[in-house]
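Notes follow the structure.
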Protein chains: 2
Amino acid sequence: MKHRGVLFVVSGFSGVGKGTLVKELVRRYDNYALSVSMTTRTPRKNEVDGVSYFFVSREEFERTIRQDGLIEYASYLENYYGTPRAWVEQQMDEGRDVILEIEVQGALKVKEKFPEAVLLFVLPPSARELKRRLESRGTESAETVLKRLKRAREEAEFIPDYDYQVVNDKLEDCLKQIHGIVCAAHGRPALNQEFDNQLKGELEALVKGEN
Amino acid sequence: MKHRGVLFVVSGFSGVGKGTLVKELVRRYDNYALSVSMTTRTPRKNEVDGVSYFFVSREEFERTIRQDGLIEYASYLENYYGTPRAWVEQQMDEGRDVILEIEVQGALKVKEKFPEAVLLFVLPPSARELKRRLESRGTESAETVLKRLKRAREEAEFIPDYDYQVVNDKLEDCLKQIHGIVCAAHGRPALNQEFDNQLKGELEALVKGEN
């Protein structure tokens with residue numbers, strides 16, 4: 001059954017490992033396309049336009065906003081970040097499942113515009129384990145770790161607004177579970193309208209004795 | 001992650017093979033419990049009370065309705081048929097996924113009362129194949145087959161009200177797909193409130209420095 005791709009939104013607390021999960025999904029399965037954000041910030045060394053980000057001027061970004069060309073956007077440290085609509089729509093039309101890795105507020109905006117989007121919240125097995133993962137990065141002060149835990153506590157209030165939650169305990173199990181959720185979503189009627197319309201037409205014809 | 005069971009509602013056109021699918025799901029996997037309906041009709045030979053149906057008097061059925069003890073009910077050929085709530089709730093509390101095989105109107109009533117229920121519509125690969133399956137039963141007149149196809153055409157209008165659709169082409173593939181949909185549903189936040197509340201409590205404690 002050919003179907004439209006899923007718009008798959010992944011959020012999770014800082015330190016939960018969602019970056020690794022997303023990277024592995026794209027590497028292992030061929031149905032995913034990772035959305036590339038548009039930004040006005042300056043490229044860092046090694047960042048490639050169209051791969052890391054679409055790097056654009058403030059004028060171009062604001063023109064894209066006015067043309068409703070972004071699924072969601074936000075500004076952070078005086079720079080804009082957003083998700084270009086055209087590329088995402090094209091991938092979905094071609095049957096690819098588009099992954100957006102975005103934070104809670106952005107995710108809820110996406111759900112408003114695309115009610116058929118599938119929202120996933122990645123959780124740690126426990127709060128202590130989240131703290132351990134944040135500390136094990138070795139790059140963050142105790143103060144920063146505490147700030148991230150506070151943020152996590154706030155974000156946890158939005159879990160019920162998501163369609164699914166998974167616990168990232170063992171990577172392999174978690175990847176399989178996430179992939180299962182996306183595969184299940186292929187059966188959503190909104191993605192199978194072409195098949196359903198054909199079936200209705202065929203039934204109509206049989207009932208009218210045209211066949 | 002321990003979670004509440006899923007209320008899983010299966011509908012589909014007459015002749016599509018949903019009875020076989022449901023039977024095989026229960027036989028192969030140990031997470032399912034098949035809901036037993038309550039009815040006022042007289043037991044047939046070989047029908048066992050509590051297995052085929054819960055056989056009750058009209059008075060008892062109407063008392064159960066008044067006590068809101070049924071998830072849904074309908075009357076057909078002067079008999080009542082309904083789904084007892086207590087048994088279903090108990091199974092779900094124990095983590096079992098309860099399958100209700102019911103027709104479209106009943107399914108939509110269930111969704112109203114249990115928004116977290118997962119509704120699945122089983123479809124044939126094509127209208128011709130549905131007709132072939134109906135005819136191959138060998139027990140139904142051309143007139144009955146036509147009546148069922150007409151009914152199918154009407155029911156097809158309600159596919160978009162379902163959460164998922166599957167095509168019953170090859171039994172094995174279809175079973176795997178359905179089981180995948182139920183497993184994915186285990187990640188719905190509504191079924192994992194206990195875990196989420198514990199995580200929030202732990203985060204709260206860490207942030208307040210209680211640990």
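On a predicted model such as this, the values are computed, not experimentally measured, just so you know. Only heavy atoms go into these numbers, but all of them, side chains included; no hydrogens, no water, no symmetry mates. The sequence lines fix the lettering, A, B, ..., with proteins before strands; numbering per chain opens at 1.
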## Note on the structure
Of the listed A/G201, A/A184, A/P189, the one with the largest count of heavy-atom pairs under 4.5 Å with chain B is A/P189

### Query
Judged by atom type as modelled, is there a donor-acceptor pair below 3.5 Å linking the side chain of A/E202 to the main-chain atoms of B/A127?
yes

### Query
Does the side chain of A/D163 reach to within under 4.5 Å of the side chain of B/R188, using non-hydrogen atoms?
no

### Task
Could you tell me which portion of A/P124 (side chain, backbone, both or neither) has an atom closer than 4.5 angstrom to a non-hydrogen atom of chain B?
both

### Task
Working to the nearest 0.5 Å, report the span between CD of B/Q165 and CG of A/D196.
4.0 Å

### Greater than 12 external heavy atoms within 6.0 Å of B/K113's NZ
yes

### Query
Considering only heavy atoms, which portion of A/F13 lies under 4.5 Å from any heavy atom of chain B: side chain, backbone, both, or neither?
side chain

### Message
A quick test of your reading: do over 12 heavy atoms of other residues, nucleotides or ligands sit less than 6.0 Å from CG of A/D30?
### Response
no

### Task
Identify which part of A/L191 has an atom lying under 4.5 Å from any heavy atom of chain B, answering side chain, backbone, both or neither.
neither

#### Entry: Exceeds 12 heavy-atom contacts within 6.0 angstrom, atom CD of A/E194
no

### Query
Which residues, numbered in order, of residues 143-162 of chain B come under 4.5 angstrom of chain A by heavy-atom distance?
B/L146, B/L149, B/K150, B/A152, B/R153, B/A156, B/E157, B/I159, B/P160, B/Y162

#### Entry: Options B/S126, B/A190, B/C183, ranked by heavy-atom pairs under 4.5 Å with chain A, top entry
B/S126

### Task
Return yes when atom CD of A/E135 has more than 12 non-hydrogen atoms of other residues, nucleotides or ligands closer than 6.0 Å, and no otherwise.
yes

#### Entry: Derivation of the side-chain contact (heavy atoms from CB on, under 4.5 Å) call for A/L130 and B/L203
CA-CA 9 Å; A/L130 181 68; B/L203 284 169; 4.2 Å; yes

### Task
Kindly check if the number of other-residue, nucleotide or ligand heavy atoms within 6.0 Å of OH (B/Y73) is above 12?
no

